[in-house]
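The structure appears below as structure tokens.
Ligands are counted one by one from 1 in listed order, and the atoms in each one are counted from 1 as well. Bear in mind that the values here come from a model prediction, so they are computed numbers and not experimental data.
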Amino acid sequence: MASLIGIDIGGTTIKMGQFKLTGALIKKWEIPTQTAFDGMFILNDIEASLSLEVNLLDVKGIGFGVPGPVNGSVVLEAVNLGWKHLDVAEVFKQKFPHIPVTVDNDANVAALGEALSREDAYPSMVFFTLGTGVGGGIVVDGKIVEGSHGAAGELGHMIIDLNGALCNCGQKGCLETIASATGVVRLAKKHGSDLTDAKAVFDAAKAGDLKALSAIDEMTDALALAMQHVAVTVDPDAFVIGGGVSKAGAFLIDKVKEKYQKMAFSDTKHVAFEQALLGHNAGMYGAFQAIKQKVMI
Ligand code: BGC
């Protein structure tokens with residue numbers, strides 16, 4: 001049966017889904033992301049896993065969501081994988097020349113997936129994905145804004161604290177150093193907690209642990225500030241929050257919303273706040289939508 005594959009390459013896991021051309025999910029699975037040696041094994045691992053899991057003769061196209069700015073099919077830099085200037089389609093073509101491929105930024109395709117899965121899609125929305133990295137996808141008038149250098153929506157690299165922690169991108173104080181899963185753990189440590197994963201920090205904060213609460217307060221201050229900056233730039237209808245950290249749910253979203261509304265300019269205080277409907281599958285689903293749009297035209 002003809003199918004399409006959506007692949008979301010994250011800094012920790014690679015999520016893969018096989019879909020019917022109509023969009024129904026046939027199967028999904030994950031493999032760990034091997035970032036050793038500048039991520040040189042990642043594409044091999046994906047090829048091997050695909051050969052194992054699906055009949056590639058049936059596959060009519062593969063969409064990739066990758067964690068970095070993309071130009072055409074070239075990933076300019078993926079700081080959490082170790083990739084620099086890698087033409088994913090070109091590498092893939094060597095192994096599977098008959099399969100068309102799309103390569104897009106992970107957060108951009110997640111925003112696309114999220115927009116397409118909503119019955120009442122917001123004409124303009126800004127998607128934040130909080131995971132190993134922090135990414136963003138900006139949708140204006142129903143279209144993803146790519147920018148001149150593929151970097152529109154790189155919200156994780158918005159500098160929030162000039163003297164902040166070193167980011168994998170080489171700058172200091174990027175939002176990613178504060179609002180990613182590793183950022184949350186770093187803040188927890190700074191506030192005297194010895195918890196070692198973001199979910200545990202959120203759970204402790206929900207239970208009233210003061211150290212964890214201070215960490216989450218600092219994280220949500222930074223996220224709200226970043227949203228204020230985005231609101232006066234794009235003035236969207238909605239902020240949608242996805243990625244593994246968003247599993248903290250209303251506890252996270254309500255806090256950010258309250259802080260944002262105190263800083264918001266004029267009517268931007270009415271921006272809607274929502275958790276991603278597709279949860280941490282938004283990237284995989286969006287990567288499928290991107291290849292579907294390419295092969296079904
Ligand atoms: C990358 C983005 C990506 C985000 C989430 C950031 O470090 O620069 O392109 O969307 O991580 O994976």
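The six-membered or imidazole ring of F64 lies near that of F92, with a centre-to-centre distance under 6.0 Å.
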- Message: Could you go through H85 and L76, starting from their C-alpha distance and side-chain angles, then the distance that decides it, and tell me whether this counts as side-chain contact (heavy atoms from CB on, under 4.5 Å)?
- Response: CA-CA 4 Å; H85 236 90; L76 301 176; 4.0 Å; yes

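Contact residues of ligand 1 (protein heavy atom closer than 4.0 angstrom to a ligand atom; sorted by chain and number): P67, G68, V79, N80, N105, D106, A107, G133, V134, G135, E154, H157, E176.
There is no side-chain donor-acceptor pair under 3.5 Å between D58 and S3.
When all heavy atoms of F96 and L56 are compared, the pair lying nearest together is CE2-CD1, 3.4 Å.
In this structure, K259 pairs ionically with D217, as a charged nitrogen and a carboxylate oxygen lie closer than 4.0 Å.
Ring pair Y260/F273 is tilted by interplanar angle, where 30° to 60° counts as tilted.
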